[in-house]
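Residue numbers run from 1 in the order of the sequence given. Predicted model, so just to flag it, every value in this text is computed and none were measured.
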Amino acid sequence: MSGLTRALARELGPRGITVNNVLPGPVDTDLNPADGEFADVVTPRTALGYYATPDDIAATVAFLASPAARYVTGSDWTVDGGLTA
């Protein structure tokens, strides 16, 4: 996905289209609840110590879609509460 993101950013950039890749970490959902069977293992591994909400991920996507991010393209955005830090 990272390679495709960079390739599309180069191809679509001249048209004013930005392309970025959002890589979410653990998110509290019905299929992956913050109090589910894996939470005891995953939660302590995040730097922030908790699962994201869907709104946490949506905020990153909204920023990338906003005029404030008009010069951001071809990037991977890891939104995982520091899981991979």
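- Between Ser66 and Phe63 the shortest heavy-atom distance is OG-O, 2.7 Å.
- Across all non-hydrogen atoms, the minimal contact from Ala52 to Ile57 is CB-CD1, 4.2 Å.
- The shortest non-hydrogen separation linking Thr5 to Asn21 is OG1-CB, 3.3 Å.
- Each of Asp76, Leu64, Thr60 was checked for a side chain to side chain contact (heavy atoms under 4.5 Å, CB included) with Asn20, and the lone residue meeting it is Leu64.
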Under 3.5 Å, which donor-acceptor pairs do the side chains of residues 8-15 form with other protein atoms, sequence neighbours left out?
none

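- Under the 4.5 Å side-chain heavy-atom criterion for Ile, Leu, Val, Met, Phe, Trp and Tyr, Trp77 and Leu23 are members of distinct hydrophobic clusters.
- Among all heavy-atom pairs drawn from Arg45 and Leu83, the shortest one is CB-CD1, 3.6 Å.
- When atom types are taken as modelled, the side chain of Asp28 and the backbone of Pro54 share no donor-acceptor pair closer than 3.5 angstrom.
- Clustering ILVMFWY residues whenever any of their side-chain heavy atoms sit less than 4.5 angstrom apart, transitively, puts Val19 in the very cluster that holds Leu4.
- Smallest separation of non-hydrogen atoms from Thr46 and Pro26: CG2-CG, 4.0 Å.
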Side-chain donor-acceptor pairs of residues 32-43 under 3.5 Å, sequence neighbours excluded:
residue	atom	partner	partner atom	Å
Asn32	ND2	Val27	O	3.3
Thr43	OG1	Ala39	O	2.9

